[in-house]
Amino acid sequence: MLMVLKYLLNNGFNSIRNDWKEYKVLQKNYKDLKAKKDMAYKELKEIGACLSYERIVGKYWIVIDKGHPLDPEDDPVECENIYYIPCENFSPVTLCKKSDCTNFAKNLAYIDAYNLYRNARISKETFWKDKFAKRAK
C-alpha cells in the first residue's frame, strides 16, 4: 500500500494516465490471447484429435419407494458418461514429439497459443508491481 501511495505522489496525472492506458492494452491483449488459446484447445478435443472423447451410455436400475404396493418400485434410468482420453503423447504445456501425427499442426498451434497467453498473463500480473517499484522511488 505504501508503494502505491508513493507512486501516486511521485508521478503526475499524465504519467499515471499513460500507465493506465498501457495496462488496458496489456489486458486486452491478454483476453485476446486467452480466447485464441481456448479455441486451439477446443480443436484438440475434436473427434480423433489429441483429446478425443468416449461416450459410454449405460442403463442403471434404481429402486424408488413410491408408497403404493401396485406401482413398480424399480425404474430404468439412462446415464451418459463422457470421458476425455488424452493421446499418450499429449502434454498441455509441451510440444508433441510425434511429428508424423495427423494432429501435429493442431498441437503446435495450441502450444504456440499457450506460450503467448502465458507470457501475456505474466506481463499483466507483474505490470503494476514493476511500475510501483520503478516509479515509487
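Just so it is clear, the model here is predicted, and its values are computed rather than measured.
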Below 4.5 Å, heavy atoms only, C-beta onward: do [X] and [Y] meet side chain to side chain?
X      : Y      : result
Leu108 : Leu95  : yes
Lys131 : Trp128 : yes
Tyr110 : Lys37  : yes
Phe104 : Lys98  : no

In Å and rounded to the nearest 0.5 Å, what is the [atom1] to [atom2] distance from [X] to [Y]?
X      : Y      : atom1 : atom2 : value
Cys96  : Lys106 : SG    : NZ    : 13.5 Å
Leu26  : Ser123 : CG    : OG    : 6.0 Å
Asn115 : Thr94  : CG    : OG1   : 10.0 Å
Asn18  : Asn14  : CG    : CG    : 6.5 Å

Side-chain (Asn107) to main-chain (Asn103) donor-acceptor, under 3.5 angstrom: no
Is there a path of hydrophobic side-chain contacts, each under 4.5 Å between heavy atoms, that joins [X] and [Y]?
X      : Y     : result
Phe90  : Val93 : yes
Phe127 : Trp20 : yes
Tyr23  : Ile16 : yes

Within 6.0 Å of NZ in Lys124, more than 12 heavy atoms from elsewhere: yes
Minimum-distance pair of heavy atoms, taken over all atoms of Ile111 and Pro92: CD1-O, 4.0 Å
Ala40 versus Ala113, closest heavy-atom pair with distance: CB-CB, 4.4 Å
Check: Tyr41 ring centroid to Tyr114 ring centroid under 6.0 Å: no
Pairing of Lys28 and Asp32 as salt bridge, 4.0 angstrom limit: yes
Verdict with reasoning, Lys34 to Asp38, per salt bridge (charged side-chain N to carboxylate O under 4.0 Å, His left out): CA-CA 6 Å; Lys34 184 177 187 317; Asp38 291 344; 3.3 Å; yes
